[in-house]
Amino acid sequence: MDKLLTLTALRRVIQLTAFVFFVYGAMIFTTFYTGDKLTQSLPALSCAYDMKGGDFCSLIPLQHQMDHRVSSIFTQGEKVLPALMGTLITLGTVAVLILILNKAFCGWLCPLGFFQDVFTMIGTKLGLTQLGSLSREAVNKIRPIKWFIFLFLVLILPLLTGIGFLGHEWGNPYCSICPSRIMTTAMGGDMSQIYISQASWGYFALSLIADLMFGLMVALALFVRQPFCRICPMLPMQTLFKKIGLLRLVKNGDSHCDSCGNCVKACPMDIYEIQDSTEHKNITHADCTLCGRCVEFCPHDGVMNLKYGPVTLLTSSKESFKKRIKIDKWWKE
Amino acid sequence: MKKGLSALFLASSLWGYGEGVIYWAPHMSHGGGHSQGKHGGHGMGEVTMLHAMNLDGNGSVTLITPDLSKDDLNLTDTALTLPKATIGGYYALVLTHRSENQVDSAIRYLSQQGRPSKISPTKLTALPKTDLEIVPDPLHREHDRYTASKSYHFVLRLHNHPLANTTVFLETRNTPAQSVITDAEGKFTVTLPNDFKNVQIGRSENKPSEFLLTTQHREGDTLYKNTLTMPYSLNPNDYWQSQPYGAGAIFIGFLGGLFFYRRHKKNQGVSRG
Ligand code: SF4
Ligand code: SF4
Ligand code: SF4
C-alpha cells in the first residue's frame, strides 16, 4: 500500500482523469461546440479536432488569428489593436491558466504528455532498455527546435498565409503536423485524421511529416521519456508567462546540494541546470513540466521544493528519498 | 397499410428530389449564395437567401436565434432573405404550412457570424419547433460539419416525445431516397452518400451538396409531415487523402523509432562492455 503513496502515483491518477476529461469530456460534460468548451486556450495539447473532447489548446486559435485577423493589418489596413484583440484574449487566457497551474499543465494534465508516459511505462514493463538521460549536447541541440516550431508554424507561416504569400495549407501548419490531433481523434475511435494528402505538395509534406512523427513518437516513447515534449511549441508559449505562475520549483541548495545529479537523472526533460547550486531560487526552467520528480529524488532535506505561492507543497528529504528509491526499484523489476 | 404508404411515399420521392414535401433550399444562383468560403474550418458558410421549395399557398416562417428568441419573417413569393445577424451562432429556420387535416413543416439550421451567444446550440435543437420534428442529435457543426461517407444521429419527435418505429427517408441531389426506421427511442442513424460529381482537388474547390430527411405521421385525422435539409461536404478521404498510406507512414515512423532503439542498445553494450 505504501508503494502507492508517491507523488508520481498521484500524478498518474490525475493525468488519467484529465485524459478522460480532455479526450472524452464532450460526451460526459459538454457538447462538441466550440462555445461550450471549458476553455479554448489550454496551455497543453488538448485537441480541437477531437469532437468528443471537453476543451482545446491555445495553438489553434493562435494560428487562425494570425491567418485571418492579424494579417488584416497588412491586407486591409486594419487598425493594430482590433486586429490583435483575439490574439491578446487568447494569450490573456493562457496567462491566467499559467498563473493558476504554471507549467504543471504539461506534467499533470496534457493528454499527449500522458499518452507518451503510458508508452514509457509499457516499454519499461516490456523490459526495453530505457535511455535514461540524453546527453547535455543532445539536449542543447534539441532545445531550439521548439522555438522554431512555435515562431514559424504557429505564428509566421499562418500570418504569411493570411497576407497572401502562401497557399491555404500553411494557414494552420502546426495543427497539420500535431501528434495530438492524431492521438486524441484515434482514441475517440475516429481514424479520419490518419491520412496522406495529395491535394498539393504542401499538404502532402505536412501530412507525411505528421504521420511519420506520430509513429516515431510512439516508438521513441517506449524507451525515451517525453520524446515529443522536447520540441512541443507549447513550451515557448508557457515560458512567456512562467514567472507569474504561483506553482514553481524552488531550489535552496547552497548548504546541502553537492550536485550529485540525482535530480537530473530523475528529470524526464533532462534539465541539467537544476543541479546547479543556488539559494532560494525559482528554478522552473522553460522545459520543466513541474512533474516534481526532482523533488522526490533529491536525497537532501529541504533542497528541492514545490511551492504554491507562499506554501511549500512538497520538499525533498532523506526519508522520502530512501522510500522513493525502493519503490523505483520495485517498479523497474 | 403503413408499409404501403411508405412505398408510395418512396415512389413519390424517387420522382425527384424533395417531391411532395416542403423543404428549405439555399439560393444557388449568385456566386456568394452558398459558397463554403476559402476557409475550410467553420460551419457551412453564410447563407443569406433561401427558398421554401414546393410551398403552395401561405406558409409561416419563424427564425429562432442562438439565444432562443423567435422572430417571424415574411416570404416574398417563396424566397426568404435573412435579416443581418447580430448574434453569432446557430439559427433554426422553421417553415410551417397548415391545411385541412395536414401540417407540413420544414427545418434548417444555419450558422451566422456575430457577437457569440452564451447559449449552447444543443438548447436550440432541443427546443420544440414543430409538432413532428427531425432533430439532429447533435447538430454537426464547426470543424465537424456534415461530411459524405460519415454516419450521423438524429431523433424523431412528435409533440416533443420520441416517435418510435417510423420511417424516415434520406435523399440527396444525386442519390435517390433510402429509408431508415426509428428505434424504440425515436433515434436513427444515416450515412451520407459519397455522390459528388466533377470533384476538384482541395476542400474549398468543391461546393457542398444538400441532403434532405423527410418523414410523416398520421395522428387521428391529421397528417404531419416534416423535413430537415442541411448541406454536406465531400470527404477528402474518399478522394485526395489516403488513409492506408497514412497508416503506412505511421508504421514507417514507428520502424524509425525501433531503429533508434537498436542503435541505443548497441551503444549501451559498448559503453558497458
Ligand atoms: S492539432 Fe494540436 S495544436 Fe492543433 S488544436 Fe489539436 S492539439 Fe492543438
Ligand atoms: S510539452 Fe508535452 S506535456 Fe506539454 S503540452 Fe506539449 S505534449 Fe503536452
Ligand atoms: S525540473 Fe523537476 S519538476 Fe521540472 S521536469 Fe525536471 S524533474 Fe520535473
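Chain A is the first sequence line, chain B the second, and so forth, proteins listed ahead of strands; every chain is numbered from 1.
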Aromatic plane relationship, A:Tyr33 with B:Tyr90 - under 30° parallel, 30 to 60° tilted, over 60° perpendicular: tilted
Per-residue tally against chain A (heavy atom, under 4.5 Å) across B:Leu258, B:Asn235, B:Ile252, B:Leu139 peaks at B:Leu139
Should the heavy atoms of other residues, nucleotides or ligands under 6.0 Å from OH of A:Tyr272 be counted, would the total exceed 12? yes
Hey, could you give me the CZ/OH distance between A:Phe204 and B:Tyr245, rounded to the nearest 0.5 Å? 10.0 Å
With a 4.5 angstrom heavy-atom cut-off, which part of B:Ile250 approaches chain A: side chain, backbone, both or neither? both
What distance separates A:Leu220 CG from B:His264 NE2, expressed to the nearest 0.5 Å? 10.5 Å
Mind checking which of residues 47-63 of chain A sit less than 4.5 Å from chain B, heavy atom to heavy atom? A:Met51, A:Ile60
Which pair of heavy atoms, one from B:Gly257 and one from A:Ala219, lies closest together, and at what distance? CA-CB, 3.5 Å
Chain A heavy atoms under 4.5 Å from B:Leu255: which part of the residue, side chain, backbone, both or neither? neither
If I measure from the heavy atoms of chain B, does A:Leu222 come under 4.5 Å with its side chain, its backbone, both, or neither? side chain
Residue pair A:Asp211 / B:Ala249: nearest heavy atoms and the distance that separates them: CB-CB, 3.5 Å
Between side-chain atoms of residues 154-162 of chain A and protein atoms elsewhere (two or more places apart, or another chain), which donor-acceptor pairs fall under 3.5 Å?
from: A:Thr161; atom 1: OG1; to: A:Leu157; atom 2: O; distance (Å): 2.8
from: A:Thr161; atom 1: OG1; to: A:Trp170; atom 2: O; distance (Å): 3.0

Listed by chain and number, what are the salt bridge (Lys or Arg N to Asp or Glu O under 4.0 Å) partners of A:Lys332, not counting sequence neighbours? A:Asp328
Is atom NZ of A:Lys125 surrounded by more than 12 heavy atoms (other residues, nucleotides or ligands) closer than 6.0 Å? yes
Residue from B:Pro116, B:Pro138, B:Pro236, B:Gly89 scoring the most non-hydrogen pairs under 4.5 Å with chain A is B:Pro138
Mind checking the CZ-CG spacing from B:Phe254 to A:Leu216? Nearest 0.5 Å is all I need. 10.5 Å
Please check this pair: side chain of B:Tyr261 against backbone of A:Thr129, looking for a donor-acceptor N/O pair closer than 3.5 Å. yes
Among residues 186-198 of chain A, residues within the sub-4.5 Å heavy-atom range of chain B, in order of number, are A:Met191, A:Ser192, A:Ile194, A:Tyr195, A:Ile196, A:Ser197, A:Gln198
Can you tell me how far apart CZ (A:Phe223) and NZ (B:Lys265) are? Round to the nearest 0.5 Å. 11.5 Å
Is there side-chain contact between A:Asp36 and B:Pro121, with at least one heavy-atom pair below 4.5 Å? yes
